[in-house]
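Notes for the one structure printed next.
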Amino acid sequence: MERTLIKDLNQHINEQVTIQGWLHTLRDQKSMQFLIIRDRTGLVQVAHFKKGNLELAELISTLGTESALTLTGKVVENEIVKLGGLEIQLEDLHVEGAADVPLPFEPFGEENLPDQDFRLDWRYLDLRRDINRMIFEIQSTAEQGMREFWLENDFIEIHSPKIMGAPSESGAELFSLPYFERTAYLAQSPQFYKQMAMAAGFERVFEIGPVFRADPSFTSRHMTEFTGVDMEMSWIETHDDVMDLMERWLAYTYEKVIEKHEEAIESIFSVKLEAPKTPFPRITMADAHQLLDEIGYELPPDKKFDLDPGAERAIGAYFKEQQGHDYVFVTEWPFEARPFYHMLHPEKKGITLSFDLLGKGLEVATGAQREHRYDILQTQALAKGLTLEPIQNYLNYFRYGTPPHGGFGFGLSRFLMILLDLSNIREAVYLFRGPTRLTP
RNA sequence: GGGGGCGUGGUGUAGUGGUUCAACAUGCGGCCCUGUCAAGGCCGAGACCGCGGGUUCGAAUCCCGUCGCUCCCGCCA
């Protein structure tokens, strides 16, 4: 018999249906048994009169919570039932996957959740919670929105290699691995490869893929492997063009998520989603420092040209308060704080045509116009103390006619943290990878 | 890499020097209950209080070390 989803049961009143799901709770009484069954669409009560089928009653009594079941019965309306006003009168039950060992914790009590690290050990049970399922439904919708926007704007999706022969940037945070007779590295960014697509004349590309960072960081927002959302586009005039497109892209993504999940997000995450208004607020680094001064945030002396996380939170809070905006671009970062390939400002000395995007005070993206002129790029690499030889292959992209271009890198899980007010990136990613976490 | 915090039955917590300090909740097992509904009632099993050392007449409780986790900073998405 064909499976009926729990959310559709109200269309089958007085019919026999088959449902499949997990045993959420069992109330085993003297003459009756009530089974609350959960599938991905909801919960329903199944009632069984024991004397109707004593053998079945005995089987039910032995069921462990969270067993995977197939049940058949008649759907009846019943005003007494608090769960949706209907129930299924059980006729038959098949145990597909028994849960016959005690659960290590109660996955569904949101109040007394186990320690996060413990839940990560039991991630497949932790993920059974509605809130976790919803995070990844929302992520799917968000990614679809991102792709839709790009495809409608003539972008090409690329998949660049994650195994590399030479460190691409500083090399400090690279994982190395044995590669036949040599050493290879895991890509810490698709940066060089998406710029190669500019040299190839693709003009507009994006990539959503894994990124690896050998950072021994123990914070609520860092991972050693995460999903990077990257974009690069040609024929721009300045980094403003990248920001212009990016904010429309992000607003579009919000609209798609709101369209599909607005109510669920409000009820489950207590977040009232609104698409961020374009244009997003923009503030130069110089003005940001002045602002911090005015609102009394003191930066440490070594951050004279940079921001620290506290400053980012303060700036985010300021624009939320002043303009009601969750996002703000901080632009024109000093060359000291940026990689060698960011283009320098034509007039302002030592300033780059670059930006960071802060969402609710959290760094969620970095972008820039790239330096596409071979000679200048070489000079900038040397100024950063790099040796040209390892990056010569990259530098060569710019010797055969590469247009001016720019782009950004964006953290998918950080975006979900911002979107859903999650306080820890471990809750925003399917499986967390950190310096001391390689399983499950 | 630097700094702070935490570590008590399966899980979440209480207890911060001594006779009720090993408790409460939940989960688990058993029994009871003609329809329950995050059910309820009764009974039961389950922790030598992360590990090692020290102080003390006496340590879950204080000190040192160690391991684990966590947060912040550095760095970044």
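Proteins come first, then strands; the chains are lettered A, B, ... in the order of their sequence lines, and each starts at number 1. Only a predicted model underlies this, so the values are computations on that prediction, with no experimental measurement involved.
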Can you build the contact string for nucleotides 67-77 of chain B? Use B for base contact, S for sugar-phosphate-only contact, and - for no protein heavy atom under 4.0 Å. --SSBBSBBBB
Determine the Euclidean distance between corresponding [atom1] atoms of [M] and [N]; express it in Å to zero decimal places.
{"N": "G15(B)", "M": "G3(B)", "atom1": "C1'", "value": "29 Å"}
{"N": "C63(B)", "M": "U56(B)", "atom1": "P", "value": "16 Å"}
{"N": "G27(B)", "M": "C73(B)", "atom1": "C1'", "value": "40 Å"}
{"N": "G30(B)", "M": "A14(B)", "atom1": "C1'", "value": "28 Å"}
{"N": "C43(B)", "M": "U66(B)", "atom1": "P", "value": "48 Å"}
{"N": "G5(B)", "M": "G9(B)", "atom1": "C1'", "value": "24 Å"}
{"N": "U13(B)", "M": "G7(B)", "atom1": "C1'", "value": "13 Å"}
{"N": "U8(B)", "M": "A25(B)", "atom1": "C1'", "value": "15 Å"}

For a quick check of understanding: with a heavy-atom distance under 4.0 Å over all strands, which category does Val81(A) fall into, base, sugar-phosphate or nothing? base
Reckon Gln89(A) touches a base, only the sugar-phosphate, or nothing at all at heavy-atom distances under 4.0 Å?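 The residue Gln89(A) makes no contact with any strand.
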At their closest point, which heavy atom of Ala199(A) faces which heavy atom of Tyr397(A), and how far apart are they?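 Ala199(A) and Tyr397(A) have their closest heavy atoms at CB-O, 3.6 Å.
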Looking only at non-hydrogen atoms, find the nearest pair between Pro440(A) and Leu120(A) and report the distance.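 Between these two residues, the closest heavy atoms are CD-O, 3.2 Å.
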Any Lys/Arg nitrogen of [X] or [Y] sitting under 4.0 Å from an Asp/Glu carboxylate oxygen of the other?
{"X": "Arg437(A)", "Y": "Asp117(A)", "result": "yes"}
{"X": "Asp8(A)", "Y": "Arg3(A)", "result": "no"}
{"X": "Glu332(A)", "Y": "Lys348(A)", "result": "yes"}
{"X": "Arg370(A)", "Y": "Glu232(A)", "result": "yes"}

Find the runs of at least 3 consecutive base pairs, i with j, i+1 with j-1 and so on, that include RNA chain B, using Watson-Crick or G-U wobble geometry with both distances under 3.5 Å. B:1-7 with B:67-73, B:10-13 with B:23-26, B:28-32 with B:40-44, B:50-54 with B:62-66
Detail all sub-3.5 Å separations between protein N/O atoms and N/O atoms belonging to nucleotides 31-33 of chain B.
unit_1: C33(B); atom_1: OP1; unit_2: Lys30(A); atom_2: NZ; d: 2.8
unit_1: C33(B); atom_1: OP2; unit_2: Lys30(A); atom_2: NZ; d: 3.1
unit_1: C33(B); atom_1: N4; unit_2: Asp28(A); atom_2: O; d: 3.1

With a 3.5 Å distance limit and no angle check, can you tell me whether [X] reaches the backbone of [Y] through a side-chain donor-acceptor pair?
{"X": "Ser160(A)", "Y": "Pro190(A)", "result": "no"}
{"X": "Ser217(A)", "Y": "Thr219(A)", "result": "no"}
{"X": "Arg426(A)", "Y": "Arg433(A)", "result": "no"}
{"X": "Lys360(A)", "Y": "Ile418(A)", "result": "yes"}
{"X": "Glu371(A)", "Y": "Leu344(A)", "result": "no"}

Tell me: [atom1] of [X] to [atom2] of [N], nearest whole Å?
{"X": "Phe34(A)", "N": "U36(B)", "atom1": "CZ", "atom2": "C1'", "result": "4 Å"}
{"X": "Leu35(A)", "N": "G35(B)", "atom1": "CG", "atom2": "C1'", "result": "13 Å"}
{"X": "Ile36(A)", "N": "C37(B)", "atom1": "CD1", "atom2": "P", "result": "11 Å"}
{"X": "Asp121(A)", "N": "G10(B)", "atom1": "CG", "atom2": "P", "result": "15 Å"}
{"X": "Glu79(A)", "N": "U36(B)", "atom1": "CD", "atom2": "P", "result": "15 Å"}

Does any N or O donor sit under 3.5 Å from an N or O acceptor when you compare the side chain of Gln33(A) with the base of U36(B)?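 Side chain to base: no pair present.
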Tell me which of Ile80(A) and Phe118(A) sits closer to the 5' end of RNA chain B, going by the nucleotide each one is nearest to. Phe118(A)
Between Glu247(A) and Tyr327(A), do the side chains contain an N or O donor and an N or O acceptor separated by less than 3.5 Å?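 No, no side-chain donor-acceptor pair sits under 3.5 Å.
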Quick check, does Phe105(A) stack with U11(B)? I mean ring centres under 5.5 Å and planes off by under 30°. no
Point-to-point distance, once rounded to the nearest 0.5 Å, from CG of Leu125(A) to CZ of Phe105(A): 5.5 Å
Under the ring-ring contact (aromatic ring centres under 6.0 Å, His included) test, residues paired with Phe410(A) that sit two or more places apart: Trp249(A), Phe415(A)
Listing, residues 89-102 of chain A side-chain donor-acceptor contacts under 3.5 Å, not counting sequence neighbours, or none:
unit_1: Glu91(A); atom_1: OE1; unit_2: Gln16(A); atom_2: NE2; d: 2.5
unit_1: Glu96(A); atom_1: OE2; unit_2: Thr70(A); atom_2: OG1; d: 2.5

Enumerate the protein-to-nucleotides 27-29 of chain B contacts in which both atoms are nitrogen or oxygen and the separation is below 3.5 Å.
none

